[in-house]
Number of protein chains: 4
Amino acid sequence: MAISKNQHLKMQEKRDRILEKAISLFSEQGYNDTTISKVAKASGISFGSVFTYFPSKEDLFHSAVIEPIEEINSIMLDFNPEAEDSLNELKIMVNSHINLFAKLSTYLQLVVQVIGQHSRFKDQFDELNFFHNEFCSKLALLLEKGQKKGQIRESDPIFAASAYFSLLMGLRLTMTDEIDEKFWGNFAPFALQLFGPISYTKSISRLAKPKAAYSNR
Amino acid sequence: MAISKNQHLKMQEKRDRILEKAISLFSEQGYNDTTISKVAKASGISFGSVFTYFPSKEDLFHSAVIEPIEEINSIMLDFNPEAEDSLNELKIMVNSHINLFAKLSTYLQLVVQVIGQHSRFKDQFDELNFFHNEFCSKLALLLEKGQKKGQIRESDPIFAASAYFSLLMGLRLTMTDEIDEKFWGNFAPFALQLFGPISYTKSISRLAKPKAAYSNR
Amino acid sequence: MAISKNQHLKMQEKRDRILEKAISLFSEQGYNDTTISKVAKASGISFGSVFTYFPSKEDLFHSAVIEPIEEINSIMLDFNPEAEDSLNELKIMVNSHINLFAKLSTYLQLVVQVIGQHSRFKDQFDELNFFHNEFCSKLALLLEKGQKKGQIRESDPIFAASAYFSLLMGLRLTMTDEIDEKFWGNFAPFALQLFGPISYTKSISRLAKPKAAYSNR
Amino acid sequence: MAISKNQHLKMQEKRDRILEKAISLFSEQGYNDTTISKVAKASGISFGSVFTYFPSKEDLFHSAVIEPIEEINSIMLDFNPEAEDSLNELKIMVNSHINLFAKLSTYLQLVVQVIGQHSRFKDQFDELNFFHNEFCSKLALLLEKGQKKGQIRESDPIFAASAYFSLLMGLRLTMTDEIDEKFWGNFAPFALQLFGPISYTKSISRLAKPKAAYSNR
DNA sequence: GATGAATGAGGCTTCATTCAT
DNA sequence: CATGAATGAAGCCTCATTCAT
């Protein structure tokens, strides 16, 4: 019993290792240039063993795209749409998102590929899109509340949410260097600006001062 | 002589057709899943003839990514950084960009792929990046002027330009459906908002009303 | 363990079979007309399996040319340059070489191709040339000794060795039919004659009588 | 009329130029690696024009191998089998042959390829072989006469002729460097030695002194 | 006759998947 | 369950030959 449990744990670890390396490789080299053999080598596992844990390359890719979603989404959705001080809630949310995107460079590159070739990766895209819609809807609620309270200017909340998400993805797409979190932080004010914060008007100049020089890319 | 000219024209046309189809296929199916055979079939020519016009698949891809840049860039850079009414210049520019991005769905999807896998497509990415830097620099000039005149709020102009470009790319990434230009128009106010327009404060609510329903994606 | 050893043996056998067939085909049909597919079929294995044993066609060719060298060279070099009776040593050596060349028809045809197109097969040629030089140097020692003892006439030993080697190669080139060893034996006296044997003068007429009719080629 | 003649001359020149370059390329790069395109470029002639002069690549190769034979053969056969002083005739012949082989490096490399792959180039080989037999027969006559006169030792004249031809080919095969005629001259005594010249016994030591150092190949 | 674009057969090589050990 | 050899489909590319101009 204990042995079996141990065995099970080891296998879980192995599976995780494969998946981690697969995400890395898929994101850097794309689907076709990532061969099973490369994944196996990177994972320190024999060639054939990959098929013990994932029935096919397609499945491995699917897992690589889908499995991390949940954790990420819980962070993305970690704000209170009913918050009294909507603007403050937005600020906190934006900072949290920026931090997240700064960290998840590798995985998000994979997401970009899936979105960029959504007809090729239809299944994966549909799942990503589901979460995207969920996110926009929830954020729209918060924005609506803020608008009602006069904390942010009127605008279509779904569009605003969508634009905000696009900005995050666009930043992730554009910031190709290994850029540290502080640098990313500089974009938080601009992201917030999208929502049209009213009391925020004055402070932008202060916040928007770069904390790190914009290295010439 | 006249015949040779005619011949030459026909070849140019054929080359254009191949390139057009290649852009289409590369953007939808990615580099690896776009086979030369598919491109040939789509262009209505024989397999081997593709190699008459492009020495290798690699070269075809390169041309597909690089050749359209110039025309696009001339539109992207078509604004006056010395304009007296900076804000107005920005508005016009944003609308022009939004229109451009709305139309170039196919090609830009290809650009997204190159950026998304910049280490794989290093050469192409470097060229794209060159234009990106050029664009940000020029836009920064306009923003600086607007800030001096008090038309837009203070913020680091390079960051602002970069955020703006990211938003455009992010929108292009996220708007996967065949969405018409009117719909895209709804995002113009948000894009402008990034720059922190001061006299613009009131009008956002008016402009930001959707001209088309946000289709369920 | 035993199984793995068995496995290993089987693979070795398979590799040997591929190489043998490859030598055969390369020597008869040349590099380009010998397709991997032909080699696979001749070896009774699948197309792709050839690549399990040899990374590329180029490598297969290289192995086909190089691997047999060592064994052949040990026979070629199997004479004593310090022998007291130089002439007798030469006679024995010549017979041994003639026997060798008579037997190795297939492989030597491959060698001929490599030498004949040394700029195309530079790597292989260089290795062959190394052995050629080694051989000529050693033979020259024996000839020098024989000359000092007055058993063979004076002449530049390196030239003589080189001429001897050329004769062997030339015979192998010219004798295209499947000619048996006895027939080859008839050329031994001529080969020896190259060295200018002195006490040998009389016997040539006896030895040089053909043991087999010169088949109409 | 005159124009047509001129035209005809020009075409003949063109054909010759193509053939010359083809021999060069075939001999250096082999049949398959010599493309029609390379031949055309080397000849300064358009791609398609090659087919005006030679119906197919196969034919071009055939011409490249066969057409030079006649001239060469007339030199090879330029000795008198009835000569009174057989030995002297042989000496002159050997020198002439050695000179010929020294000069024809390129073409003979092509001959080597044909012989080396006689089953692949059957037609060409058969023609070469015809000349080879003719040559051996004629030389055998001269040798027989010399033997009768006691100028050379007894041996089967056909074998001797064959060995002699093999030595020439072998030297051509082995001397891969661009070696000048003087160097080649050093091998003449060895060639003559094959026939077992009787009055020649003493002179070998003199003749066999190298006229040029045997460069370390 | 000269040119070079068009064609497609055929070669090498890669790689996901299967399966025996 | 782990391993890695076996397989063959599919892709890129070359090149002899044809043919329209």
Side-chain angles (χ1 to χ4, degrees), chain A residues 7-8 10-11 14 31-40 45-61, chain B residues 1-8 10-11 14-15 31-40 45-60, chain C residues 1-8 10-11 14-15 31-40 45-60, chain D residues 7-8 10-11 14 31-40 45-61:
Chain A
Q7 176 83 359
H8 191 266
K10 268 188 189 167
M11 288 186 64
K14 235 181 215 180
Y31 183 81
N32 281 280
D33 284 1
T34 299
T35 66
I36 296 288
S37 159
K38 282 181 187 171
V39 174
I45 272 172
S46 95
F47 180 65
S49 287
V50 176
F51 289 93
T52 305
Y53 296 92
F54 300 91
S56 75
K57 188 182 178 182
E58 194 77 27
D59 284 278
L60 176 59
F61 184 76
Chain B
M1 197 62 171
I3 292 166
S4 151
K5 207 175 197 171
N6 198 11
Q7 174 88 355
H8 192 265
K10 267 188 190 167
M11 287 186 67
K14 208 175 257 188
R15 189 181 184 281
Y31 182 81
N32 282 282
D33 281 6
T34 299
T35 67
I36 295 285
S37 163
K38 282 180 187 172
V39 174
I45 61 167
S46 87
F47 177 71
S49 288
V50 176
F51 292 94
T52 304
Y53 295 90
F54 300 91
S56 73
K57 187 183 178 182
E58 193 89 21
D59 282 277
L60 176 58
Chain C
M1 197 61 171
I3 292 167
S4 149
K5 209 176 199 171
N6 198 10
Q7 174 88 355
H8 192 265
K10 268 188 190 169
M11 287 187 68
K14 207 176 257 187
R15 188 181 183 281
Y31 183 81
N32 282 282
D33 280 8
T34 299
T35 67
I36 295 285
S37 163
K38 283 179 187 172
V39 175
I45 60 168
S46 89
F47 178 70
S49 288
V50 176
F51 291 93
T52 304
Y53 295 89
F54 300 92
S56 73
K57 187 183 177 182
E58 193 89 20
D59 283 276
L60 176 57
Chain D
Q7 176 82 1
H8 191 265
K10 266 188 190 167
M11 287 185 65
K14 234 180 215 181
Y31 182 81
N32 281 278
D33 284 1
T34 298
T35 67
I36 296 287
S37 160
K38 282 181 186 171
V39 174
I45 272 174
S46 93
F47 178 67
S49 288
V50 176
F51 289 94
T52 305
Y53 297 92
F54 300 91
S56 75
K57 187 183 179 182
E58 194 78 26
D59 283 279
L60 176 58
F61 184 76

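Here is how names work: the chains are called A, B, and so on, in the same order as the sequence lines, proteins then strands, and each is numbered from 1. All of these numbers come straight from a predicted model, not from anything done at the bench. Scope of the values below: all heavy atoms of this structure, side chains included, with no hydrogens, waters or symmetry mates.
Partners of N32(D) under the side-chain hydrogen bond (donor to acceptor under 3.5 Å, both in side chains) rule, at least two apart in sequence or in another chain, are D33(C). Listed by chain and residue number, T35(A), K41(A), F47(A) satisfy the side-chain contact (heavy atoms from CB on, under 4.5 Å) test with S37(A) (two or more places apart in sequence, or in another chain). Looking at residues two or more places apart in sequence or on another chain, you find a side-chain hydrogen bond (donor to acceptor under 3.5 Å, both in side chains) between S46(A) and S49(A). Every side-chain contact (heavy atoms from CB on, under 4.5 Å) that S56(D) has, sequence neighbours left out, goes to E58(D), D59(D). F51(D) pairs by the side-chain contact (heavy atoms from CB on, under 4.5 Å) definition with I36(D), not counting sequence neighbours.
Atoms CG (N32(C)) and P (dC12(E)) sit 8 Å apart, rounded to a whole Å. Rounded to whole Å, the distance from CG on L60(D) to C1' on dC15(F) is 15 Å. One atom, CD of E58(C), and another, P of dG11(E), lie 17 Å apart when rounded to the nearest Å. If you measure from atom NZ of K38(D) to atom P of dC15(F), you get 7 Å, rounded to the nearest angstrom. Taking atom CD1 of residue I36(C) and atom P of nucleotide dC12(E), one finds them 6 Å apart after rounding to whole Å. Taking atom NZ of K57(B) as the reference point, atom P of dT14(F) lies 14 Å away to the nearest angstrom. Separating the CG atom of D33(A) from the P atom of dG11(F) is a distance of 15 Å, rounded to the nearest angstrom. In this structure, Y31(D) atom OH and dA16(F) atom C1' are separated by 9 Å, rounded to whole Å.
Shown here for Y53(B) and R15(B), the closest heavy-atom pair between the two residues is CD2-CB, 3.8 Å.
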Under-3.5 Å N/O pairs linking protein and nucleotides 5-7 of chain F:
from   : atom 1 : to     : atom 2 : distance (Å)
dA6(F) : OP1    : K14(C) : NZ     : 2.5
dA6(F) : OP1    : Y53(C) : OH     : 3.1
dA6(F) : OP2    : Y53(C) : OH     : 3.1
dT7(F) : OP2    : S46(C) : N      : 3.0
dT7(F) : OP2    : S46(C) : OG     : 3.1
dT7(F) : OP2    : S49(C) : OG     : 2.8
dT7(F) : O5'    : S46(C) : OG     : 3.2

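Note that NZ of K57(D) and OH of Y31(D) are 5.0 Å apart. Values are rounded to the nearest 0.5 Å.
Using five terminal pairs a side, the axes of the helix from dA2(E)-dT21(F) to dT21(E)-dA2(F) at its two ends make an angle of 0°, given in steps of 10 degrees.
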